[in-house]
Student: 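This is the structure I have questions about; it appears just below.
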Amino acid sequence: MAAVATCGSGAGTTGSAVATASKSNVTSFQRRGPRASGTNDSGPRLVSIAGTRPSVRNGQLLVSTGLPALDQLLGGGLAIGTVLLIEEDKYNIYSPLLFKCFLAEGIVNGHTLLVASAKEDPANILQELPAPLLDDNSKKEFDEDVYNHKTPESNIKMKIAWRYQLLPKMEQIGPVSSRFGHYYDASKRIPQELIEASNWHGFFLPEKISSTLKVEPCSLTPGYIKLLQFIQNIIYEERFDGSNPQKKQRNVLRIGIQNLGSPLWGDDICCAENGSNSHSLTKFLYVLRGLLRTSLSACIITMPTHLIQNKAIIARITNLSDTVIGLESFIGSERETNPLYKDYHGLIHIRQIPRLNNLICDESDVKDLAFKLKRKLFTIECITKLRSYGLSQKYFLSHHLQKNCSVRKNPCFKQPHTLKKIY
Amino acid sequence: MFVELNNLLNTTPDRAEQGKLTLLCDAKTDGSFLVHHFLSFYLKANCKVCFVALFQSFSHYNIVGQKLGVNLTVARERGQLVFLEGLKSSVDVFFQTQEEPHPLQFLREANAGNLKPLFEFVREALKPVDSGEARWTYPVLLVDDLSVLLSLGMGAVAVLDFIHYCRATVCWELKGNMVILVHDSGDVEDEENDILLNGVSHQSHLILRAEGLATGFCRDVHGQLRILWRRPSQPTAQRDQSLTYQYKIQDKSVSFFAKGMSPAVL
């Protein structure tokens with residue numbers, strides 16, 4: 001229980017729920033692995049959950065966001081018990097892709113999903129999830145009869161690059177994969193078998209809101225109240241809050257909420273500057289974070305912040321969320337014709353990374369990041385423009401490259417006036 | 001606690017001043033390291049601490065506290081620390097009706113009420129126990145952070161009333177200290193937050209302001225700390241003393257240096 005306790009206690013009280021049950025001496029240094037019989041630890045033995053890994057910095061349990069590049073920028077992944085807020089791009093083209101990659105990662109890892117939307121039926125959202133990328137070997141084992149005639153090719157021994165044959169092959173993506181972080185093919189749909197094998201719950205607002213509200217009024221909109229009750233029910237019934245420590249296989253709940261704050265949820269912060277219930281969304285985020293901290297779950301929220309009229313509310317929402325990422329697409333803006341950005345579809349801003357169990361966080365040095373959606377993959381790269389050195393041409397480097405590239409040590413660049421003398 | 005910060009503030013846990021209100025303020029950066037500093041400082045000074053932690057969970061403060069040399073679990077069991085965990089309590093308040101008034105009762109109310117239940121909680125936690133011998137030196141109230149109360153629907157005036165009541169009880173009656181964290185929204189015009197910040201900074205004796213660098217992100221200098229000593233009760237014939245330092249946060253400590261004198265630059 002030790003490693004999960006260090007990770008779980010970082011995320012919430014799941015570890016401490018077991019620790020208080022066993023009353024063992026809780027120190028910050030806990031050896032990973034089952035304890036010797038000296039302690040009276042009666043909790044379950046060490047169980048690692050599929051699709052999670054402890055953070056290098058503080059042992060916090062992390063899940064993948066579905067994009068390995070984004071995982072790296074966030075310091076390894078999304079911490080369990082935290083909220084990832086995605087500020088949608090202007091025409092809502094790319095943020096659904098991030099949302100779906102997160103859910104697809106949950107299906108591939110065998111996590112339980114909770115999908116909430118006011119616009120689309122969650123069943124339809126799940127049908128549109130991207131397919132995980134497989135290499136030829138694992139595809140062969142996946143549908144054997146279809147690709148049977150291709151098997152002799154994949155078994156040919158490599159003659160020239162024979163060292164590569166010794167490398168471990170990519171893990172087969174069966175119904176449950178324990179690898180951390182997969183790549184997704186945006187042009188293909190996820191196989192139906194994977195969806196049916198997964199455990200998911202859907203919250204479609206028009207269905208749930210039809211019944212009359214029985215709870216006493218507080219300043220949250222009815223849609224938010226219903227959603228919070230739904231999430232709390234799922235967490236309680238499926239024991240994600242660690243209330244039943246005897247359960248053998250622990251799992252993670254991935255919550256996805258789409259277009260939160262839009263008028264379809266009954267909230268008017270996108271319509272009016274000083275609405276009637278302007279604290280509804282911030283209260284919702286606070287109680288949601290409280291729910292997440294006390295359970296083994298991670299949440300992704302996409303929010304159309306470009307529609308919110310009151311900038312102060314955006315600042316409050318950012319403060320109340322843990323990780324905040326903003327997407328800015330180039331469609332329709334003057335940057336579309338800028339030659340600097342011709343290979344990319346938009347910029348991605350990492351606005352906030354939480355400091356969990358630590359004084360510092362893993363902030364990446366690279367601040368200019370852009371994304372592009374090729375036919376298959378969604379990639380994130382840092383914008384660098386490294387032009388050839390010349391006296392007449394202007395050059396500029398990203399600040400982080402200035403340290404790594406030995407431009408200053410380049411003799412032909414150090415003293416341009418001496419070059420003038422030579423020529 | 002950070003020894004360098006103690007030197008800058010010219011205090012030690014043994015001879016800290018009493019009856020003071022300290023305001024921690026952060027703009028464009030995260031000032032929570034100051035909260036961890038004061039939490040460990042007052043626990044080491046053997047004070048009775050009431051911590052209204054609205055922003056993060058107990059285990060977060062506990063793990064960081066252990067890096068700084070205090071154990072919050074032990075302090076809570078001994079009775080030295082009274083911890084109100086906002087995130088966990090909000091879930092309890094929101095989903096179940098409570099019999100007796102809960103400090104976070106305002107979460108269930110539709111209109112912005114007042115923070116009287118929260119004040120009652122604080123007063124109950126810090127009142128001196130008549131057990132004969134004095135175990136703790138003086139009471140301390142820590143709030144992290146006050147801007148969350150605005151996000152949860154309270155008006156700025158209600159929060160200022162709460163601070164006023166707490167100051168009258170803790171600082172003046174019980175001769176204790178208060179430490180409050182407020183976010184500064186900066187150029188984003190959050191009127192309620194500005195009212196709150198101005199109101200509390202007018203009453204405070206010491207203001208620690210953590211700001212991000214004006215030139216943007218830097219790997220070696222994480223921000224700038226401005227320290228301002230004030231005397232709110234006396235007329236300000238003398239100028240308030242103010243110091244500015246830049247800092248870099250490490251794993252277990254924070255190093256301070258004069259502006260432009262970062263070790264990475266020299």
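Quick caveat, the model's predicted, so the values are computed rather than measured. Convention: sequence-line order gives letters A, B, ...; per-chain numbering from 1.
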Student: Less than 4.5 Å apart, any side-chain heavy atom of B:Ser151 and any of A:Tyr286?
Tutor: no
Student: Counting only non-hydrogen atoms closer than 4.5 Å, does A:Leu228 touch chain B with its backbone (N, CA, C, O), its side chain (CB onward), both, or neither?
Tutor: both
Student: Would you please name every residue forming a side chain to side chain donor-acceptor pair (under 3.5 Å) with B:Arg226, sequence neighbours left out?
Tutor: B:Glu211
Student: Is there side-chain contact between A:Arg355 and B:Ile249, with at least one heavy-atom pair below 4.5 Å?
Tutor: yes
Student: Look up atom CG in B:Asp190 and atom NZ in A:Lys311, then write down how far apart they are to the nearest 0.5 Å.
Tutor: 13.5 Å
Student: Side chains of B:Leu152 and A:His279, heavy atoms from C-beta outward: is any pair under 4.5 Å?
Tutor: no
Student: May I ask you to name which of A:Leu285, A:Asn319, A:Leu320 has the most heavy-atom pairs under 4.5 Å with chain B?
Tutor: A:Asn319
Student: Looking only at non-hydrogen atoms, find the nearest pair between A:Asn357 and B:Ser59 and report the distance.
Tutor: OD1-O, 4.0 Å
Student: Taking atom types as modelled, is there a side-chain donor on A:Arg293 or B:Gln56 under 3.5 Å from an acceptor on the other?
Tutor: yes
Student: Which atoms of B:Gln250 come close to chain A, meaning under 4.5 Å heavy atom to heavy atom: side chain ones, backbone ones, both, or neither?
Tutor: backbone
Student: Within a strict 4.5 Å, meaning less than it, do heavy atoms of the A:Leu359 and B:Lys252 side chains meet?
Tutor: no
Student: With a 4.5 Å limit on heavy-atom distance, are the side chains of A:Leu291 and B:Phe94 in contact?
Tutor: no
Student: What pairs of residues pass the salt bridge (Lys or Arg N to Asp or Glu O under 4.0 Å) test when at least one of them lies in residues 61-71 of chain B, not counting sequence neighbours?
Tutor: B:Lys67-B:Asp251
Student: Indicate yes or no for a side-chain donor-acceptor contact from B:His60 to the backbone of A:Leu356 under 3.5 Å, with no hydrogens or angles considered.
Tutor: no
Student: Answer yes or no: is there a donor N or O on one side and an acceptor on the other, between the side chain of A:Arg289 and the main chain of B:Phe55, under 3.5 Å?
Tutor: yes
Student: OG of B:Ser57 to CG of A:Leu292: how many Å apart, nearest 0.5 Å?
Tutor: 11.5 Å
Student: To the nearest 0.5 angstrom, please state how far the CZ atom of A:Arg316 sits from the CD atom of B:Glu192.
Tutor: 6.0 Å
Student: Should A:Ile360 and B:Phe33 count as side-chain neighbours, where that means a heavy-atom distance under 4.5 Å?
Tutor: no
